[in-house]
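Chain identifiers are assigned alphabetically (A, B, ...) following the order of the sequence lines, protein sequences preceding nucleic acid strands; residue numbering begins at 1 within each chain.
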Protein chains: 2
Amino acid sequence: MPIRVGDKWSAMVILCLEQGPRRFSELRIPLRAPTPKVLTQTLRALERDGLITRTVYAEVPARVEYELTALGHTLLELIAAGRRWAEEHMPTLLAARDAYESHNTGTG
Amino acid sequence: MPIRVGDKWSAMVILCLEQGPRRFSELRIPLRAPTPKVLTQTLRALERDGLITRTVYAEVPARVEYELTALGHTLLELIAAGRRWAEEHMPTLLAARDAYESHNTGTG
DNA sequence: CAGCATCCAAATCGATACTG
DNA sequence: CAGTATCGATTTGGATGCTG
């Protein structure tokens, strides 16, 4: 049972919550629209691990807001580090990947 | 095509190579023994992305060594950051998880 | 709006057996 | 020793349709 940070959506959700609370549907827009099931799974796992909170407002229509906990905020720094790494080294990595591919398709 | 760092084995392999070159079979021991297929897949993906090098020595018996590239080394720092986060916050996370579970099995 | 249920596709991980 | 090939279990992500 891993800590859902390396999966496809968790990091993006946490990043989306960086600037404050967001509603369920607000999270679906910027995230290349995961299906409600997948988003719910991600949200639940994050909530379970104490990284986000889920607040239900008894309004009509229904409103639910997700927000980072203190623990979730600490994770933000780690994700930022990952993004900095990608920004800095992704070109090198992509170049290496490209070179590796061409030695299979170009010369072979 | 993600950058194989968040998967189950890549980070561990990179970590295993921190102190220098390692052979194929040397990597299988400390890593809870992934099957050769899985280890090969991981190694190939890492090599493709320019994170490790693969060197074949024409000896008997066969010897192949894997070693981190400069790019791979930069990733080491990122992984270390992740480990530090885990060391520091894992207890909190586990406690939250525990609390979440008990509110399902204990009171529900 | 927020979320669940069901069925389905894709990626990963894994066990077993075999080759240079 | 260092892989490859095949089959299968598990996990994750996704499409569609329905409910409070």
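- Backbone-only engagement by B:Tyr66 is indicated by non-hydrogen atom pairs under 4.0 Å involving sugar-phosphate atoms exclusively.
- Taking atom CD of A:Glu47 as the reference point, atom P of C:dA2 lies 15 Å away to the nearest angstrom.
- Contacts classified as salt bridge (charged side-chain N to carboxylate O under 4.0 Å, His left out) and involving residues 40-54 of chain A (residues at least two apart or in different chains) are given here: A:Asp49-B:Arg97.
- Between the axis at the start and the axis at the end of the helix from C:dC1-D:dG20 to C:dG20-D:dC1 there is an angle of 40°, using five pairs per end and rounding to 10 degrees.
- Annotation: of the two residues near DNA chain D, A:Val38 and B:Leu43, the 5′-most nearest-nucleotide partner is B:Leu43.
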Would you be so kind as to tabulate the donor-acceptor pairs closer than 3.5 Å made by side chains of residues 10-31 of chain B, with sequence neighbours excluded?
{"residue": "B:Ser10", "atom": "OG", "partner": "B:Arg4", "partner atom": "O", "Å": "3.1"}
{"residue": "B:Ser10", "atom": "OG", "partner": "B:Asp7", "partner atom": "OD1", "Å": "2.7"}
{"residue": "B:Ser10", "atom": "OG", "partner": "B:Asp7", "partner atom": "OD2", "Å": "3.1"}
{"residue": "B:Arg23", "atom": "NH2", "partner": "B:Ala62", "partner atom": "O", "Å": "3.4"}
{"residue": "B:Glu26", "atom": "OE1", "partner": "B:Arg23", "partner atom": "N", "Å": "2.6"}
{"residue": "B:Arg28", "atom": "NE", "partner": "B:Pro34", "partner atom": "O", "Å": "2.9"}
{"residue": "B:Arg28", "atom": "NH2", "partner": "B:Pro34", "partner atom": "O", "Å": "2.9"}

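- Between the CG atom in A:Leu68 and the NE2 atom in A:His73 there is a gap of 4.5 Å [rounded to 0.5 Å].
- Rounded to an integer number of Å, the gap from B:Glu59 CD to D:dC1 P is 13 Å.
- Counting any heavy atom pair closer than 4.0 Å across all strands shown, B:Arg44 reaches sugar-phosphate atoms only and no base atom.
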Could you pull out every donor-acceptor pair under 3.5 Å between side chains of residues 36-43 of chain A and any protein atom, sequence neighbours left out?
{"residue": "A:Thr40", "atom": "OG1", "partner": "A:Pro36", "partner atom": "O", "Å": "2.7"}
{"residue": "A:Thr42", "atom": "OG1", "partner": "A:Val38", "partner atom": "O", "Å": "2.9"}

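- For A:Leu39 and C:dG3, the CG to P distance is 8 Å, given to the nearest whole Å.
- Whole-Å rounding puts the A:Leu46 CG to D:dT12 P distance at 14 Å.
- For B:Arg54, a side-chain nitrogen or oxygen approaches OP1 or OP2 of D:dG3 to under 4.0 Å.
- Near DNA chain D, meaning a heavy atom under 4.0 Å from it, residues 7-14 of chain A has A:Asp7, A:Lys8, A:Trp9 in order of number.
- Inter-residue side-chain proximity for B:Trp9 and B:Leu46 is flagged as unmet; no heavy-atom pair is nearer than 4.5 Å.
- The interatomic distance linking A:Glu65 (CD) with C:dC1 (C1') rounds to 12 Å, in whole Å.
- The number of heavy atoms from other shown groups lying within 6.0 Å of CD (A:Glu87) does not exceed 12.
- Nearest heavy atom pair, residue A:Pro91 against residue A:Ala86, reads CD-O, 4.1 Å.
- Using a 4.5 Å cut-off between side-chain heavy atoms of Ile, Leu, Val, Met, Phe, Trp and Tyr, with links allowed through other members, B:Ile52 and B:Val56 fall into the same hydrophobic cluster.
- Set against C:dG3, C:dA2, C:dC1, the side chain of A:Ser25 has C:dA2 as its closest nucleotide.
- For D:dC1, the OP1/OP2 oxygens have no side-chain nitrogen or oxygen of B:Arg23 closer than 4.0 Å.
- Whole-Å rounding puts the B:Arg63 CZ to D:dA2 P distance at 9 Å.
- Between B:Leu71 and A:His89, some side-chain heavy-atom pair lies under the 4.5 Å cut-off.
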Reading nucleotides 15-20 of chain D from 5' to 3' and marking B where a protein heavy atom lies under 4.0 Å of the base, S where only the sugar-phosphate is that close, and - otherwise, the string is B-----

